[in-house]
K.L.:
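Here it is, the structure, as structure tokens.
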Amino acid sequence: MGAQREPSTYERQLVALGRVLQSLREAESAEQLVEIALGYLQSEFSYALTWIGLYDRVEHRLIGQGGSTPTGDLSFLKQRLVLNPGDLLEQVVIQQRLVGVPDLREEPRAGEWRKAAQTFNIQGTIIFPIRYKEQCFGVTLLGSTLWGVSPHSEEKARLSMVLGELGAALYQADVEQQRQQTKRPDEPLLTLLAQLRSFTSLGQRLAAIAQQTQAFVQSDRTNIYWFEPERRYFWRRIGTRDSIETPGINVQEVNSFYQALAADQLVSIGEAHSSLKADITGRLMQQLGARSLLAAPILFQNELLGFLAVEGTEPRIWSEEEKSYVRGAAQLVALTAPLEAMEENIQRAKQDQLLTAEIARAIYSDDDWRNTLNHCALELCSRLRAERFLVLLYDQDLERFEICYQSQPNSRRPIASFLEGLNQVDWQMLERSTEAVGVENLEDDLKLMAWREVFLDLGVQSLLVCSTAINHPLEGLVVIGHEATRTWNRSERDLLRIVSQQIGLILHQWQLQRQTDQQQKTYQTIQWGLTTMQQTHDLELLERSAMEHISQVLQVPLATLITWQPGRKTARIVAPVITKSQFALNADVQISVYTDTLIQWALHNDDLLTLSVDDLAVETRQWLSGSGIGQILAMTLRTAPDHEPTGIVLVADHRDRYWGERQLNALGTLVSQLAWSRRYVTLTEMLSARKATLEQLNWYKQHRLEEMYRTLNVAVRRLNELGQHKESAASMRYQQILRHLGGLLTAMSPVLKLEAWQFRHEIETAPLVSLLKRSLERVDGLVKQRQIWTQVHNDANLSIEGDIPKIELVLCELLTVACHRSPPNSRLDIWCRPLDHRWLEISITDNGVIESRLLEELQSGRSIDLLTPSMLNHPPGLHLAICKSLMQQINGEFNLYRLDDGRILSRLIVPIAPTIPAPPTRIQIEEVRDRDLSSSQPM
């Protein structure tokens, strides 16, 4: 074999690099890793100075691990160098990049190393970061006595590989160290759970839990505090040997600490951190005599039994593992604590069962619900050691709680008759809760804020409240009040829940009975009012009675009626019922129907109008002037849709008044009945007055006609006697006058005898010419007075048939009305034209002026609403309407038209006397009416 070749420098470097990398992988501690790296740097590189410093993240500094110097003095290399902003070493640590310095002695950012470089005469320097996964673990500093020394590329490569492997190894060592230092709470808790099974008493179990907790957390002391619910304070039940005696922790002083524990929250107070407010933290730590605290609640079935406290005399940071262990240990206490009180709880449960059974028997056996509630209050307050017992019923109309029953000691004041409604949050809390809701301290708790002041004024500090219908809409509540702050445990909440459901049966039945009684009372009041209104025939008495009934049913201090006549512009206040002076009205003010906003709003509203006094205009407040008026109801007096409203009913009360649905329905019924009754009475009074007037007028005219008949009869006899002694010519003249007067007397005789109180129709015939002549003679004076030119157009020589006197009166009336409306010096034409062999048309045309409303009403007839103003209520409309009605009764027809050229046409249709008399029929006249009117118009 040939001689072995000496390895080259490059090969030796690779071998050394491989060895050092392998050594770094096999090292087990950070000290070994640093020692291996320094050995490699000193042996493989010719640098006068080598140094490695590891980075402390918490203190932000470099801890020297050693190296080599030109003088052999290694004391500086072990120092701890604090990194300041702007330092060269901090730049390497932060940026994790290589930095070269030509002369370290002159580098102002080198800090302590500048002085060291001057001591060791180090110039050219290279600083490498030791990094892995973007995390810096330290730096390596290589220095030379020469200026500006820089490593070659292959040196940089070897340094990068060695220092990179060093960073990876330091990372693994750090992970392993953290894993070894991490506390695992599960194993100690399992060990503790196994130990607890061997103990027979609760005290032994609590002592073991406290000792093991202190051993795991390594705190100064560990205590278990127990909660006293009635006196509301924590007292130290057990602790480790180093624990100090405390007088107890009052919940009132550290309320937020108590609230956090009750909400199952861990309370942590350590260095620069606290889960409580500063003032509460200071007060709590002062009572405990500690500077750091870890407190876990001891909760069983959502009931706070106490807390486990780990206390330290110095500030410290609590790890998550320590928090988890303490919470788990507190839960072990919660599981073991109820075993001690199990017998007591069983006995209390039996007593509560007997109590609820006794209350149930009382509910179903006693007809007097108040005696039953007295019994419930006595037993329940005794069991719960409370002073007050209340049963509340929610009033949906008034949106508040009515106190149906309350019990308190004789020396205590009762609560007012109602409690205000709750806000939305409290309402939903009580409605959705499946158990009784406790308020431990009314002054600090945010629940039931609407009742806080009421109960605090009575000395009540804590409440226990439960719905009487769980899992149903809120209907009633049972409230227990205590005069000291306290906590309500589960057994107490369960007892009230059971009793509340039983009381709910009484409450529901009582509410139904009360509603029935109220409805019956309202019905009887309405029925009495309706009957009274129906039996009242005096308008003023009707209005007064109706307003009194409305005021009584609605229980309002003001009820009045605002009325006006149809077509009038002003209204007046009628029958005001005022029970309080603050609701007075100014009855002397004339109210404008068309401009008053309240009246207009009521007229345009088909239903009940609800207003606030702030909505009223200044004009309305001039008559609705009461200072106490706040809420107003107004409703129009309406009957049929075709009837014009003639008034509104108005009631008023204070601002806070709530109108119940039953009251509003009752008001609508009474107002509707009042509208019809008032219309009936008004029409009755109007028609009765008209009937009386007509009877008087008819009696007067009848007696005047009788007197005229008697006087004419005497005069005729005397003339007859005188005529026998006169000359023959004069005698003939007298005879003519006598025959004329005799004819008048003959015509008046049947009127006086047969038509004193009703019409009697007689069928007669008369020549048309004679009828026209007599009619014109009767209006001759009026025609001459107004200088009207008249002309008769008649080519027919015929007679008419019917009630001739009445037809003549109608024709005379039409001529009179036409003359009155015709302007002076105008023309009046009378046209006569047979329509067929049975009917004759007599038309009168004039150039007068007539109101269109009169033509419409005469054509369509009177309005359905008899109270509405009409043109047919007074002349000439009244006379024309009588003519139209009279012509229909005697089988004729009368119509009034306005022609296209502006003339007025008065058209009469009368029967023609037949050759063989035959009375006309209604069917025949209807055929004439259907003909085209234009064919009968005169030219």
Side-chain angles (χ1 to χ4, degrees), residues 705 708-709 712 716 732-752 754-755 759-784 788-819 827-846 879 882-884 886-894 905-920 924-925 928 936 938:
L705 287 174
M708 185 184 302
Y709 179 82
L712 286 174
V716 168
M732 290 181 59
R733 181 59 178 166
Y734 279 125
Q735 292 299 323
Q736 291 177 355
I737 296 174
L738 288 174
R739 283 196 299 272
H740 179 67
L741 293 176
L744 290 176
L745 292 174
T746 303
M748 290 178 63
S749 180
V751 173
L752 295 174
L754 304 177
E755 294 185 311
F759 285 116
R760 185 173 185 275
H761 300 297
E762 292 289 343
I763 304 300
E764 302 173 343
T765 60
L768 176 60
V769 176
S770 300
L771 179 66
L772 295 174
K773 181 179 179 181
R774 289 194 301 270
S775 298
L776 288 172
E777 287 177 353
R778 298 179 67 171
V779 298
D780 185 62
L782 184 59
V783 169
K784 291 178 179 179
I788 299 175
W789 185 79
T790 60
Q791 184 177 0
V792 178
H793 307 270
N794 180 23
D795 296 333
N797 185 16
L798 47 79
S799 298
I800 62 173
E801 182 183 60
D803 196 333
I804 300 302
K806 294 182 177 59
I807 295 176
E808 183 177 342
L809 288 174
V810 170
L811 181 58
C812 183
E813 180 67 28
L814 297 182
L815 289 172
T816 302
V817 173
C819 290
R827 178 189 178 107
L828 188 146
D829 293 283
I830 301 175
W831 308 81
C832 300
R833 181 170 67 92
L835 298 178
D836 54 23
H837 67 283
R838 294 185 179 181
W839 299 100
L840 173 68
E841 178 189 68
I842 303 174
S843 300
I844 304 170
T845 59
D846 62 84
H879 295 168
I882 293 174
C883 292
K884 186 178 181 69
L886 190 58
M887 289 301 297
Q888 291 176 351
Q889 293 182 26
I890 60 176
N891 290 332
E893 184 175 326
F894 161 60
L905 170 64
S906 303
R907 183 171 182 251
L908 278 178
I909 297 178
V910 295
I912 299 175
T915 305
I916 301 176
Q924 293 167 342
I925 192 168
V928 176
S936 62

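We're numbering straight along the sequence, starting at 1. Predicted model, so just to flag it, every value in this text is computed and none were measured.
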K.L.:
Please determine whether side-chain contact (heavy atoms from CB on, under 4.5 Å) holds for the pair Trp789 and Asp829, giving the CA-CA distance in whole Å, both sets of side-chain angles, and the decisive distance to 0.1 Å.
P.N.:
CA-CA 8 Å; Trp789 185 79; Asp829 293 283; 4.3 Å; yes
K.L.:
For the NZ atom of Lys806 and the CD atom of Gln889, what is their distance to the nearest 0.5 Å?
P.N.:
9.0 Å
K.L.:
Roughly how far, to the nearest 0.5 Å, is NE2 of His793 from CZ of Arg833?
P.N.:
13.5 Å
K.L.:
Kindly compute the distance separating CD (Glu764) from CD (Glu801), expressed to the nearest 0.5 Å.
P.N.:
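Going from CD on Glu764 over to CD on Glu801, the span is 10.5 Å.
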K.L.:
Could you tell me the separation between the CG atom of Leu815 and the CG atom of Asp846, rounded to the nearest 0.5 Å?
P.N.:
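Separation between the atoms: 10.0 Å.
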K.L.:
Any side-chain heavy-atom pair from Cys832 and Leu772 closer than 4.5 angstrom?
P.N.:
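Sidechains of Leu772 and Cys832: in contact.
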K.L.:
What are the two closest heavy atoms between Ile842 and Leu768, and how far apart are they?
P.N.:
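Heavy-atom minimum between the residues: CD1-CD1, 4.1 Å.
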K.L.:
Which atom names give the shortest non-hydrogen contact between Leu771 and Ile807, and what distance separates them?
P.N.:
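Answer, listing the atom of Leu771 first, then Ile807: CD2-CG2, 4.2 Å.
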K.L.:
Which residue in the set Val783, Ile844, Thr790 passes side-chain contact (heavy atoms from CB on, under 4.5 Å) when paired with Cys819?
P.N.:
Val783
K.L.:
Identify the two heavy atoms, one from Ser799 and one from Pro767, that lie closest to each other, and give their separation to 0.1 Å.
P.N.:
OG-CA, 3.6 Å
K.L.:
Can you list the steps and then say if Leu776 with Val792 is a side-chain contact (heavy atoms from CB on, under 4.5 Å)?
P.N.:
CA-CA 10 Å; Leu776 288 172; Val792 178; 3.6 Å; yes
K.L.:
Looking only at heavy atoms, what is the nearest atom pair of Ser906 and Phe894, with distance?
P.N.:
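Smallest interatomic distance, heavy atoms only, reads CB-CE1, 4.3 Å.
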K.L.:
Below 4.5 Å, heavy atoms only, C-beta onward: do Trp839 and Pro834 meet side chain to side chain?
P.N.:
no
K.L.:
Using 0.5 Å steps for rounding, measure from the CG atom of Asp803 to the CE atom of Met887.
P.N.:
10.0 Å
K.L.:
How many angstroms lie between atom CD1 of Ile804 and atom CD1 of Ile763, to the nearest 0.5 angstrom?
P.N.:
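Nearest 0.5 Å value for the CD1-CD1 distance: 8.5 Å.
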